[in-house]
Amino acid sequence: MLLQTQSTTIRPLTTAHLAQTMTLLGLTSFELYQKIETELASNPALELTAERVCPHCRRPLADSNPCPICTRPSNSNPNEPIVYVSSREDFLPSKYTSSESEISEEGLTPDSEDLPTYVLRQIAPDLDPDDHFIAAHILTSLDDDGLLRTPLAEIAHYHHVPISRIEDVIHLIQHSDPLGVGSQTPQEALLVQLEILAETTTIPPFTAKAIQEGMDLLSRRQYSELGHKLHLPLSNVKEIANFISDNLNPYPARAHWGDVRQGSSANPDVYYHPDIVITSQGESEVTHLMVEVISPLAGRLRINPLFREAIHDAPQEKAEQWQEDLDRASLLVKCLQQRNNTLVRLMQRLAVIQRQFILEGDSELAPITRASLAEELGVHESTISRAVASKAVQLPTGRMVPLSKFFDRSLHIRTALLEIIAKESKPLTDIQIAKILDKQGYQVARRTVAKYRAMEGILPAHLRSKNKQNIR
DNA sequence: CTATGGCACGGATT
DNA sequence: AATCCGTGCCATAG
């Protein structure tokens, strides 16, 4: 394996060293930024050097290694990705909103973890700063479906504000992507989506009414009764039902995270900060991948040499304090290096294994486990787990995905499934889908097909029509 | 009778 | 040790 980061030979590990490395590894670049910032402010032994820039390409460099792009041998293997630590200015966390830290604490599942942050970024520009707390509270209270099950009164009481104000914030949240998040019921979510959709599409008459008044009948598919209630012929009711199942999603969070496209209709001010950025260079056969592990600092963290000098003739009463500062500082620097080193090695390997996925998309994702990678790299499994958890990657397409997606065991099958359903001329049952998948080389039980379908938010065959339009 | 969702079990993964 | 995931069995809706 070429291109290692030269500088870090691993020294004898103290337990403190180990513990801190572990901690740092699990942090996102934003959290890292916070940590270093406070340390920098309180510890005189640390200093941040001026940013180092590659003399050739003017690329900012975050470690002491030579510029990986300019020093790279021209005959290098194109499959060998360039991985390095970068401090690109446009990803520096100093630009992030400060409300961030409050959001990501609750014990959410990894998949939904980023939803609150994602939504908050969208609404932040329109949000009264005083309401940030409320928004954060609401967003972290969402269940896995993106619905808010907590009574509004409870939230209002907690923040000592009138319910109407909570409702205003929710209104804002509901109208961001995924549409309808933060609704209290599936019904409400549908109505929000319907409202937006009405601007661009024609909607069967009485759809809103059907949702409002006949939700239970609708979900139970008791169409004839519903028709009776609304005084509509059965054909109209079926039309409404089909429209809803084709265009609306009662559980806003279900199939949406991961589909996040940047820049589309989302607010341009919205900042989604990756911890790792992958870009591709060149075209066709000789595409090179460049992987940047984002360093949250413009410049390099090191021990202040003056401080190191000064400590020799420190006044008696300060000596102990200073020594402690120095130790802490050097520990942090070392651990930081090690964190970066681990991440670089991890990405080095991942970029090779998942090259196809990065370039081609979901269907090419190789199903690998953290454990197998840990073995290859010769590190403990938990190291990989930590490194992978809660990190966001920006792919060359601009898509943001959680790093954990690189370890998704079933994604490739799910995309195959998605494709089958997209192409179907008439709704296929789970068993039929299972058979087709089997022909394609994916052996899955019929029951599993059903689960994947649910994961993707696709309705069962009998209430699916061939109309393959999505929300928006 | 067929298609699907719920529950729960066991093995793999973290 | 805790959690996740695929799967089989069974009840239920259509």
Side-chain angles (χ1 to χ4, degrees), chain A residues 21-23 25-27 106-113 143-145 186 214-228 234 237-238 241-242 245 249-251 253-255 257-258 342-343 346 349-350 353-354 365-391 402-417 420-421 424 426-438 440-466:
Chain A
T21 308
M22 282 311 203
T23 318
L25 197 56
L27 300 182
E106 266 301 309
L108 295 159
T109 65
D111 272 347
S112 61
E113 184 177 49
D143 67 7
D144 288 345
D145 295 329
M215 190 62 189
D216 49 336
L217 296 176
L218 210 48
S219 52
R220 247 172 281 171
R221 275 140 233 143
Q222 295 171 344
Y223 298 141
S224 46
E225 277 198 46
L226 183 60
H228 195 256
L234 192 59
V237 177
K238 284 197 168 156
N242 281 338
S245 68
N249 180 358
Y251 306 102
R254 262 189 204 173
W257 158 244
T342 308
L343 277 178
L346 171 71
R349 193 68 197 119
L350 260 188
I353 297 173
Q354 300 293 23
L365 185 82
I368 56 167
T369 67
R370 293 159 172 78
S372 65
L373 200 68
E375 197 184 350
E376 281 193 50
L377 293 179
V379 297
H380 196 285
E381 300 166 11
S382 71
T383 309
I384 304 285
S385 286
R386 296 229 178 210
V388 166
S390 73
K391 297 227 168 35
L403 184 55
S404 55
K405 189 162 183 157
F406 283 61
F407 297 88
D408 193 315
R409 274 175 290 167
S410 59
L411 184 69
H412 57 151
I413 305 187
R414 293 209 307 274
T415 54
L417 176 140
I420 291 171
I421 291 181
E424 77 189 359
K426 69 174 174 37
L428 297 168
T429 69
D430 288 349
I431 294 180
Q432 291 170 310
I433 294 175
K435 276 191 182 148
I436 297 176
L437 282 173
D438 188 44
Q440 296 182 4
Y442 301 122
Q443 289 185 354
V444 277
R446 169 245 121 205
R447 190 65 192 76
T448 310
V449 172
K451 286 247 161 121
Y452 287 170
R453 239 190 338 91
M455 274 190 209
E456 301 292 344
I458 299 170
L459 291 166
H462 57 274
L463 35 97
R464 208 160 66 212
S465 83
K466 79 269 169 173

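Reminder, nothing fancy here: chain letters follow the sequence lines and each chain counts from 1.
- An OP1 or OP2 oxygen of C:dC5 is reached within less than 4.0 angstrom by no side-chain nitrogen or oxygen of A:Y452.
- Atom C1' of nucleotide C:dC4 and atom CZ of A:R447 are separated by 15 Å, given to the nearest angstrom.
- Scored by the side chain to side chain donor-acceptor pair (under 3.5 Å) test, A:Q432 finds A:T429 as partners (sequence neighbours excluded).
- Applying the side chain to side chain donor-acceptor pair (under 3.5 Å) test to A:R453 and every residue at least two apart in sequence or in another chain returns A:D430.
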All N/O pairs under 3.5 Å across the protein-nucleotides 2-4 of chain B interface:
residue : atom : partner : partner atom : Å
B:dT4   : OP1  : A:A461  : N            : 3.1
B:dT4   : OP2  : A:D430  : N            : 2.7

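- Residues satisfying the side-chain contact (heavy atoms from CB on, under 4.5 Å) test with A:R447, not counting sequence neighbours, are A:A450, A:K451.
- Annotation: side chain to side chain donor-acceptor pair (under 3.5 Å) contacts of A:T23 (sequence neighbours excluded): none.
- The side-chain heavy atoms of A:L377 and A:I384, taken from C-beta on, include a pair separated by under 4.5 Å.
- Applying the ring pair (Phe, Tyr, Trp, His ring centres under 6.0 Å) test to A:F406 and every residue at least two apart in sequence or in another chain returns A:F357.
- Rounded to a whole Å, the CD atom of A:Q443 is 17 Å from the C1' atom of C:dC5.
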Between the protein and nucleotides 12-14 of chain B, which nitrogen or oxygen pairs come in under 3.5 angstrom?
residue : atom : partner : partner atom : Å
B:dT14  : OP1  : A:R370  : NH1          : 2.8
B:dT14  : OP2  : A:R370  : N            : 3.2
B:dT14  : O3'  : A:S385  : OG           : 3.4

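- Atom CE in A:M455 sits roughly 11 Å away from atom P in C:dT7 (whole-Å rounding).
- With sequence neighbours excluded, the residues forming a side-chain contact (heavy atoms from CB on, under 4.5 Å) with A:T448 are A:V444, A:A445, A:Y452, listed by chain and number.
- With sequence neighbours left out, A:T415 forms a side chain to side chain donor-acceptor pair (under 3.5 Å) with no residue at all.
- Looking at heavy-atom distances under 4.0 Å, A:S410 makes contact with sugar-phosphate atoms alone, never a base.
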